[in-house]
Amino acid sequence: MKQKENIHRLLLLLVVLLTGNIAMTDAQVTFKASAPASVVEGEQFRLSYVLNREGRYLRLPDIPGFDLLFGPSTSTSYSQRTINGKTTSESSVTYTYILMSKKAGTFTIPAASITVDGSNYESNPLTIKVLPPDEASAKAPAAAGNQAEERASSNSATATVSARDAFIRAIVSKDNMYEQEGFTVTFRLYTTLNIVNFGKIQFPEFEGFMVEEVEVPVNQQLQMERYNGRNYFTADLRKTLLFPQRSGEMTIPAGSLEMVFSVPSGRKVSSFFGPQEVMVDVKKAMNTNPLTVNVKPLPSNRPASYSNAVGAFSLKPAISATETKANEAITLKLEISGTGNLKLIRNPEVAFPGNFEVYDPAVDNSFNVTTNGLTGIRSIEYMAIPRYEGDYTIPPVEFSYFDLNTNSYKTLTTPEYRLQIAKGDPGSTASRNYVNRQDVKVEQDIRFLKTGEPSYLSRSNFLAGSLNYWLWYIIPFLLLIIYYLFNRKQARENANVALMRNRKANKMAIRRLKAAEKYLKEHNKERFYDEVLRALWGYFSDKLSIPLAELSKNNIESELSGYGISDELAGRFIHILDSCEFARYAPAESNAEMDQLYHDTVVAIGEMENRLKKKHLL
């Protein structure tokens, strides 16, 4: 008896273990319909319903515009996998119908329903576009058959691919837009043949545009599309988002692509299934069509706070604190979100109080490339440190952009921030210098005998009252006076912020140009032009004592003229600024042009420093 009870227990344990390790996935019931997005009138296609559970009573809706030829045929699939000792299994049932379209147009297949475990479930509806048949085959099928025989006989020696059988189109989403307004260029393949392989691909250069690539699925399915009275299988090879950087008529040149197609050779061979066409691989070179777009200039009534933004945007400001102590940092964060040329937006200018130490803003971009433009958020953090206590005000920050919905400029404004700065810890910024000293000791207590001719001193000469005696007092006193006067001069100069910035302007510009030279060697074009622009704008701001927010090309020319700088040198500076602003987004700039621009910038700054030094000497 005990042996039988033990056997029963072992069997029960085995059943529990098996049922625990092999578990059917109790997933949610899914009932999904699928069919081609486009078909040709009179051709048959499959309509499939996939259910991940076993069901009953499949009810097909009325399907206008289509004839039901066959169905449903049922097939079942089962899969099982084991992960970390746990086995899961999945099963699905597919119901397939064969339909044929009766007329051209766009039709909707309503949802079908099925019963699973006493509950009803509905599939998703489908929209199918029915294309009319090719005009040539619809008008003269007999003639088409004769043409096919003639082509077969003519191609017996050489098989070719005609321009109507396969070609590439460059398609723009719009051909009339504003400067800095995004639009897409799609390179689409049209073919009636089977594709074997891709050859050499050379897409055109987009000179004068900023370029962003739109992601295209790698394993995309061919779609049916009607073009010039004929139905083609199509696939998008490349989709590019472009932002024009200047106005006027702009041309996108032609690109080229080589592809290998499988085409009938015109020869037939006998087989078990009867005569069969022999297919051969043919390479065809195709060119895209050149495009011309009309870029309209932006309206001339630009507000002063215009930030080179085109699209639709919103502004969200935030400040870290309005009450703090001196020598403690304050952060003002601006979030610009929306759709447009987010990557090309200039940072809005923030007018911090004069005795705040202001740092370069930190920019964080989070973009998604869409067919309408760059969508996302541009986050800009401005950090400033108040050095003295008191009540201060940060005036409202304005951000202006060109709204494509209304074709007008719009301005977004932050609130005014009132800051209360309390007295800070005076030791928080103090710096101390420690000097290590080492005493030098003479460890010899016995001197060596001196050899050679001795030198004698007169007994009537005394140190006290002599010239050397008084020099020992006068020289240290004079050095002390000089040191005092020098410190006074340095303190006055350090207090004069404008003078210090003027003197350090050349050093700061050289430092930033060294960073630009580094990006030049790395072939990082965008960072190179950014550093050159920062070097020039910073140099003029420091040298001319003009805040960056008030600095422009016009007042640079007028201020340089006031400093006695020639119009020729001022014109060279303006030319360098214009070249940098345009070349940042022009993809065709070569390393030689970047090298020349860097050399011109260094020479221009050096020449201006020499002329200012000569003026001070005179």
Side-chain angles (χ1 to χ4, degrees), residues 23-81 88-134 138 171 173 184 186 188 190 214-227 230-236 239 368 370-372 375:
M24 295 291 291
T25 55
D26 189 16
Q28 185 179 2
V29 176
T30 59
F31 186 39
K32 184 177 181 181
S34 62
S38 56
V39 297
V40 179
E41 178 185 344
E43 292 186 358
Q44 300 177 10
F45 65 94
R46 292 186 179 185
L47 170 64
S48 300
Y49 295 92
V50 180
L51 179 68
N52 67 338
R53 301 281 289 276
E54 291 186 2
R56 297 191 302 170
Y57 311 126
L58 173 61
R59 294 171 291 278
L60 199 65
D62 293 333
I63 307 177
F66 299 94
D67 288 332
L68 178 61
L69 303 180
F70 175 77
S73 63
T74 306
S75 62
T76 304
S77 64
Y78 179 84
S79 63
Q80 181 175 318
R81 57 184 177 179
T88 58
S89 60
E90 295 179 355
S91 64
S92 63
V93 182
T94 303
Y95 304 90
T96 304
Y97 295 87
I98 304 297
L99 303 180
M100 185 176 69
S101 57
K102 294 188 293 185
K103 59 181 180 179
T106 301
F107 302 92
T108 300
I109 298 179
S113 62
I114 197 169
T115 302
V116 178
D117 296 334
S119 300
N120 289 329
Y121 294 90
E122 289 188 348
S123 69
N124 54 297
L126 295 174
T127 299
I128 299 178
K129 184 177 183 180
V130 180
L131 304 175
D134 291 345
I171 307 170
S173 59
T184 57
T186 303
R188 183 169 296 169
Y190 291 75
V214 180
E215 186 175 357
V216 176
V218 178
N219 298 321
Q220 57 179 312
Q221 293 183 349
L222 296 177
Q223 302 292 331
M224 291 289 296
E225 183 177 328
R226 188 173 182 83
Y227 180 72
R230 194 175 183 186
N231 299 316
Y232 292 91
F233 292 102
T234 64
D236 291 342
K239 186 172 289 187
N368 290 321
T370 66
T371 55
N372 296 323
T375 300

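Worth knowing before you read on, the calculation uses all heavy atoms, side chains too, and leaves out hydrogens, waters and symmetry mates.
Here the side chain of Ser101 pairs a donor or acceptor atom with the backbone of Val40 at under 3.5 angstrom. Checked by atom type and distance alone, the side chain of Arg226 pairs as donor or acceptor with a backbone atom of Pro132 at under 3.5 Å. Between the side chain of Ser38 and the backbone N or O of Lys129 there is no donor-acceptor pair closer than 3.5 Å. Panel note: side chain Asn52, backbone Thr30; a donor-acceptor pair is recorded below 3.5 Å.
Here the closest heavy-atom approach between residue Ala35 and residue Leu126 is recorded as CB-CD1, 3.8 Å. Contact detail for Ala37 and Gln223: the closest heavy-atom pair is CB-OE1, 3.6 Å. When all heavy atoms of Ser92 and Val50 are compared, the closest pair comes out as CB-CG1, 4.2 Å. Between Pro110 and Asp62 the shortest heavy-atom distance is CD-O, 3.6 Å.
Counting non-hydrogen atoms of neighbouring residues, nucleotides and ligands closer than 6.0 angstrom, the CZ atom of Phe233 reaches no more than 12 such neighbours.
Pairs engaging residues 98-119 under the ring-ring contact (aromatic ring centres under 6.0 Å, His included) rule: Phe66-Phe107 [sequence neighbours left out]. Pairs engaging residues 97-112 under the salt bridge (charged side-chain N to carboxylate O under 4.0 Å, His left out) rule: Asp67-Lys102 [sequence neighbours left out]. Each salt bridge (charged side-chain N to carboxylate O under 4.0 Å, His left out) pair with one or both residues in residues 32-43, not counting sequence neighbours, would appear here, but there are none.
By the 4.5 Å heavy-atom criterion applied to side chains, Gln44 and Leu99 are not counted as neighbours. Thr184 has its side chain out of reach of Ile171: every pair of non-hydrogen atoms, C-beta onward, lies at least 4.5 Å apart. With contacts defined as side-chain heavy-atom distances shorter than 4.5 Å, the pair Thr96/Thr74 does not qualify.
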- Apply the test side-chain hydrogen bond (donor to acceptor under 3.5 Å, both in side chains) to residues Ser48 and Thr94: give CA-CA distance (whole Å), side-chain angles for both, the deciding distance (0.1 Å), then the verdict. CA-CA 7 Å; Ser48 300; Thr94 303; over 6 Å; no

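Shown here are the side-chain contact (heavy atoms from CB on, under 4.5 Å) partners of Ala235, two or more places apart in sequence or in another chain: Gln220, Leu222. Tyr227 meets the ring-ring contact (aromatic ring centres under 6.0 Å, His included) test with Phe167, Tyr190; sequence neighbours excluded.
Residues Phe31 and Tyr49 place their aromatic rings such that the two centres sit under 6.0 Å apart.
Taking 4.0 Å as the cut-off between side-chain N and carboxylate O, Glu225 and Arg188 count as a salt-bridged pair.
The distance from atom CE of Met100 to atom CG of Leu69, rounded to the nearest 0.5 Å, is 5.5 Å.
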Side-chain polar contacts of residues 114-121 - donor-acceptor pairs under 3.5 angstrom, sequence neighbours left out - could you list them?
unit_1 : atom_1 : unit_2 : atom_2 : d
Thr115 : OG1    : Arg59  : NH2    : 3.4
Thr115 : OG1    : Asn120 : OD1    : 2.9
Asp117 : OD2    : Arg53  : NH2    : 3.2
Asn120 : OD1    : Arg59  : NH2    : 3.2

